[in-house]
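Report on one structure; see the data block that follows.
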Amino acid sequence: MNFFVLAVEFSKQLSIFQLSTEKTLTLQIYKPIIMFKKTYIILLFIFFPVSPLSAQNPELAKKYLEQGDLDKAAYEYKLLVDKFSYNDNYLFNLIKIYQSQSKFDAVNELLKKRKSKQKPQYLVYWGYNYQLQKDTVTARKFYLKAIKAVKKTPYRAYAVGQAFKQLYLLDEALQTYQTAITQGNNPAYLMQIAQIYAEKNDIPNMIKSFLDLLEKEPKYESQVKYYLTRSITQDPESEANTVLKKQLIERIKATHAPRWYRLLQWLYTQQKEYKKAFLQLKSLYRKNLSDISEIYHLARTAVYNKKTNDAKAIYGFLATQTAEPAYAEMAKLELIKLDLKEILNPEQKQEIAQKFETYLQENWSAKNQIDLKIAYADFLAFHLNQSGKALEILSGLERKTFSKKQQAAIKLKKADILLLQENFNQALILYTQVQLDFPNDPTGHKATFDLARASFFQGDIDWAHTQLKVIKSVADDLIANDAIDMDLTIINNKEEGDTLYTGLKKLARAKFEIFRKKPQTALKILDTIARNFKGQLVYDDALMLAGKLLEQSGQYQAALEKYQAVLDNRTEDLLKDDALFRMAMIYEQTGDDEKAKKLFKKIILEYPGGFWYVDARKHYRRLRGDKLDDNNL
């Protein structure tokens with residue numbers, strides 16, 4: 001019979017019969033074949049593999065294992081192990097299945113066929129097979145044999161160590177990597193050692209191993225920081241934070257190596273203790289081991305995290321003690337901007353006006369001079385009610401040739417001033433122009449946020465919400481956070497069934513008056529909300545906002561009353577820890593330490609996962625008399 005006819009006949013048979021996963025072919029498929037000569041049968045199997053549904057399929061094996069069908073999973077993995085003898089993952093899964101079925105002899109047979117001299121990790125699997133049978137003596141012999149093999153060939157440490165780690169034999173895994181290191185091999189094994197200590201929750205040894213690795217291989221700094229962030233928190237008093245700080249200070253005292261100053265600065269930054277971080281950077285800067293830009297960006301980080309006093313201290317250094325004029329100019333301007341965020345009395349406004357006049361007469365760099373004039377225009381419009389003069393300054397700048405980014409900054413400030421004047425349409429046009437000119441760019445993102453904010457102020461709630469949903473997912477952190485805050489204001493204050501957003505629009509108007517630097521007008525609107533919308537979602541937000549305005553203007557008793565009203569309102573719990581913290585801070589600032597301590601303790605006990613927990617704990621311990629700060633170096 002022609003061979004190809006035979007092939008076609010066999011192909012037809014395969015197409016109408018389904019192969020079993022536990023047998024290679026059914027008897028029905030064999031019947032039309034056995035009449036032919038053995039030669040043809042052999043050729044047929046050479047040219048036509050057993051089946052397109054061959055069980056040598058790792059996905060099928062994995063599926064059976066996940067479904068708990070261990071017999072089918074074992075069959076599939078056995079085929080894979082036979083075909084891919086070099087793949088230890090297939091072998092390990094097959095061993096696990098056999099062991100779960102108490103087929104320990106089958107595991108022994110599997111491992112006897114493997115060359116443990118070339119792959120000492122097989123000795124680990126073999127030893128564990130005896131451990132499961134409670135023969136710990138034999139198991140230990142295999143484990144020691146595997147570790148001894150690493151001593152002879154240290155490059156096998158990773159395979160053996162991972163085998164121990166897979167079986168959660170952490171002490172043996174540690175011994176494996178430590179053995180490799182004593183042989184002078186790859187210090188990167190310290191990374192594995194540190195991670196094992198982390199699994200054992202041995203924080204001191206984990207941190208020591210990470211720092212030992214950095215001492216030998218500084219290139220691992222980013223990876224070490226990544227793993228450390230899994231253990232450290234914003235709380236300086238947590239175990240990992242205190243241990244890391246202690247070990248870093250010890251190493252600084254012993255070696256004065258810049259890397260330890262940098263890592264300590266990084267730790268303080270994670271804890272949002274920016275003054276302490278600044279001390280480390282300043283020390284490095286004075287030794288010409290740090291760039292001034294690092295200090296400037298640290299100040300910006302402090303501003304972003306609302307640590308205004310820390311930011312002012314850092315900017316103050318840059319403004320007065322640096323020999324780099326560009327950064328000194330930027331720091332002076334940033335200090336003014338921080339002052340302008342406060343509610344200012346006439347004397348303070350006059351003082352700031354004098355600073356502007358002085359700086360405008362100085363020979364600043366071209367870029368910083370433009371930024372200074374934009375800020376001055378903002379000051380004139382929002383604090384001195386001189387919008388006309390401000391717009392004249394900005395128009396004069398526009399007529400000069402600057403970069404597109406600077407032109408956009410001028411246009412955005414003009415839009416802000418038009419918004420201040422309630423020229424909503426003209427402001428929206430300018431914001432939109434910048435948005436379109438800078439798609440997928442931070443400048444465009446800012447314009448989009450400004451556009452959404454203007455729409456919110458105008459009472460176009462749905463359109464603002466649409467814009468904010470987009471911008472909060474693509475913008476940089478500072479703009480995204482502002483967008484998230486505004487979007488949450490909308491989401492948290494939408495009353496079911498109130499499509500007119502009556503209360504929310506009044507809250508938006510109050511925020512608009514705050515934007516216009518008219519806190520007294522805003523307070524009147526907020527008092528109206530408190531009287532007419534009690535029991536509604538917007539009520540707590542109105543009370544909190546009024547309390548903050550009163551607190552900023554030094555009316556502490558009135559602010560306390562607003563915050564207490566939030567606590568007394570049982571309908572919402574979202575803002576209660578915020579109200580408690582602000583009350584506690586007022587009591588601390590006014591010298592009533594006992595009341596402050598009581599409220600800080602309440603936050604610690606009742607809001608352990610809250611935003612203010614770490615800060616409340618710091619203030620509580622300070623008021624209690626604990627020593628919080630040892631050596632800042």
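Residues take their numbers from the sequence shown, with the count starting at 1.
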### Query
Taking NZ, NE, NH1 and NH2 as the nitrogens, is one of them in Arg582 or Asp577 under 4.0 Å from a carboxylate oxygen of the other?
no
### Task
Could you tell me the separation between the CD atom of Gln435 and the NZ atom of Lys446, rounded to the nearest 0.5 Å?
12.5 Å
### Query
Between the side chain of Gln467 and the main-chain N/O of Ala464, is any donor-acceptor distance below 3.5 Å?
no
#### Entry: Non-neighbouring partners of Gln361 that pass side chain to side chain contact (heavy atoms under 4.5 Å, CB included), sequence neighbours left out
none
### Message
For a quick test of reading the model, state the closest non-hydrogen atom pair linking Ala326 to Asn368 and the distance between them.
### Response
O-ND2, 3.2 Å
### Query
What are the two closest heavy atoms between Asn241 and Pro236, and how far apart are they?
CB-O, 3.7 Å
### Task
Please name the pair of heavy atoms, one in Ala390 and one in Ala381, separated by the smallest distance, quoted to 0.1 Å.
CB-CB, 3.9 Å
### Message
Check this for me, if you would: do Lys373 and Glu392 make a salt bridge, where the nitrogen-to-carboxylate-oxygen distance has to be below 4.0 angstrom?
### Response
no
Run the side-chain donor-acceptor check on residues 332-341: report pairs under 3.5 Å with partners two or more places apart or on a different chain.
| residue | atom | partner | partner atom | Å |
| --- | --- | --- | --- | --- |
| Asp339 | OD1 | Lys312 | NZ | 3.2 |

### Query
Does a side-chain heavy-atom distance below 4.5 Å link Tyr620 with Ile603?
no
### Query
Is the backbone N or O of Ser403 less than 3.5 Å from a side-chain atom of Gln406, with the two atoms forming a donor-acceptor pair by type?
yes
### Message
What's the separation between atom OG in Ser209 and atom CG in Leu213, rounded to the nearest 0.5 Å?
### Response
9.0 Å
#### Entry: Minimum side-chain heavy-atom gap Gln433-Ile429 below 4.5 Å
yes
## Note on the structure
Closest heavy-atom pair, Ala510 versus Leu526, reported as atoms and distance to 0.1 Å, is CB-CD2, 3.7 Å
#### Entry: Verdict with supporting geometry, Asp441 and Thr443, side chain to side chain donor-acceptor pair (under 3.5 Å)
CA-CA 5 Å; Asp441 181 271; Thr443 300; 3.3 Å; yes
### Query
Rounded to the nearest 0.5 Å, how far apart are CD1 of Ile410 and NZ of Lys400?
9.5 Å
### Message
Tell me every residue that passes salt bridge (charged side-chain N to carboxylate O under 4.0 Å, His left out) with Asp541, counting only those two or more places apart in sequence or in another chain.
### Response
none
#### Entry: Qualifying residue for ring-ring contact (aromatic ring centres under 6.0 Å, His included) with Phe317, from Phe278, Tyr274, Tyr296
Phe278
### Task
Establish, yes or no, whether a centroid distance under 6.0 Å links the rings of Tyr359 and Trp364.
yes
### Pair Arg621 + Glu237: basic N to acidic O under 4.0 Å
yes
### Closest heavy-atom pair and its distance - Phe515, Leu420
CE2-N, 4.2 Å
### Task
Please confirm whether the backbone N or O of Gln426 pairs with a side-chain atom of Asn423, one donor and one acceptor, at under 3.5 Å?
no
### Query
Judged by atom type as modelled, is there a donor-acceptor pair below 3.5 Å linking the side chain of Asp291 to the main-chain atoms of Ser293?
yes
### Query
So among Thr432, Ile471, Ile479, which one has a side chain to side chain contact (heavy atoms under 4.5 Å, CB included) with Thr448?
Ile471
### Option passing salt bridge (charged side-chain N to carboxylate O under 4.0 Å, His left out) with Glu215 (candidates Arg251, Arg259, Lys208)
Arg251
### Message
Hydrogens and angles aside, do Arg509 and Gln458 bring a side-chain donor and acceptor to less than 3.5 Å of each other?
### Response
no
### Summary
CH2 of Trp266 to CD of Gln280, rounded to nearest 0.5 Å, is 14.0 Å
### Query
Atom CD1 in Ile370, atom CD in Gln407: separation rounded to 0.5 Å?
8.5 Å
Name the atoms and distances for all side-chain donor-acceptor pairs under 3.5 Å in residues 543-555, with sequence neighbours left out.
| residue | atom | partner | partner atom | Å |
| --- | --- | --- | --- | --- |
| Glu551 | OE1 | Tyr563 | OH | 2.7 |
| Ser553 | OG | Leu549 | O | 3.3 |
| Ser553 | OG | Leu550 | O | 3.0 |
| Ser553 | OG | Gln555 | NE2 | 2.9 |

### Message
Within the structure provided, determine whether Val614 and Thr233 are in side-chain contact (heavy-atom separation under 4.5 Å).
### Response
no
### Message
Rounded at 0.5 Å granularity, tell me how far NZ in Lys282 sits from CD1 in Ile295.
### Response
8.5 Å
### Query
Sequence neighbours excluded, which residues qualify as ring pair (Phe, Tyr, Trp, His ring centres under 6.0 Å) partners of Phe512?
Phe424, Phe457
### Query
Does the side chain to side chain donor-acceptor pair (under 3.5 Å) test come out yes or no for Thr269 and Gln265, once each step is laid out?
CA-CA 6 Å; Thr269 302; Gln265 174 259 318; 3.2 Å; yes
#### Entry: 4.5 Å side-chain heavy-atom contact, Phe456 and Thr489
yes
### Message
Does the structure place the NZ or CZ of Lys287 under 6.0 Å from the centre of the six-membered ring of Tyr261, at an angle of no more than 45° from the ring's axis?
### Response
yes
### Task
Report, as yes or no, whether the 6.0 Å neighbourhood of atom CZ on Phe611 holds more than 12 heavy atoms from other residues, nucleotides or ligands.
no
### Task
May I ask you to check whether over 12 heavy atoms, not counting those of Lys601, lie within 6.0 Å of atom NZ?
no
### Heavy-atom check, side chain of Asp235 versus side chain of Gln271, under 4.5 Å
no
### Query
Using 4.0 Å as the upper bound for N to carboxylate O, is an ion pair formed by Asp371 and Lys367?
yes
### Query
Between Tyr189 and Tyr177, is the ring centre distance below 6.0 Å?
yes
#### Entry: Option among Asp485, Asp416, Asp487, Asp482 that satisfies the salt bridge (charged side-chain N to carboxylate O under 4.0 Å, His left out) test with Arg453
Asp416
### Message
Whether the side chain of Gln270 engages the backbone of Thr229 through a donor-acceptor N/O pair (distance < 3.5 Å, no angle test) should be reported.
### Response
no
### Query
Taking all non-hydrogen atoms of both residues, which atom of Tyr220 and which atom of Met191 are closest, and how far apart?
CD2-CE, 4.2 Å
### Expected output: side-chain Lys349 to main-chain Leu384 donor-acceptor under 3.5 Å
no
### Message
Can you list everything that forms a ring pair (Phe, Tyr, Trp, His ring centres under 6.0 Å) with Tyr376? Sequence neighbours excluded, please.
### Response
Phe356
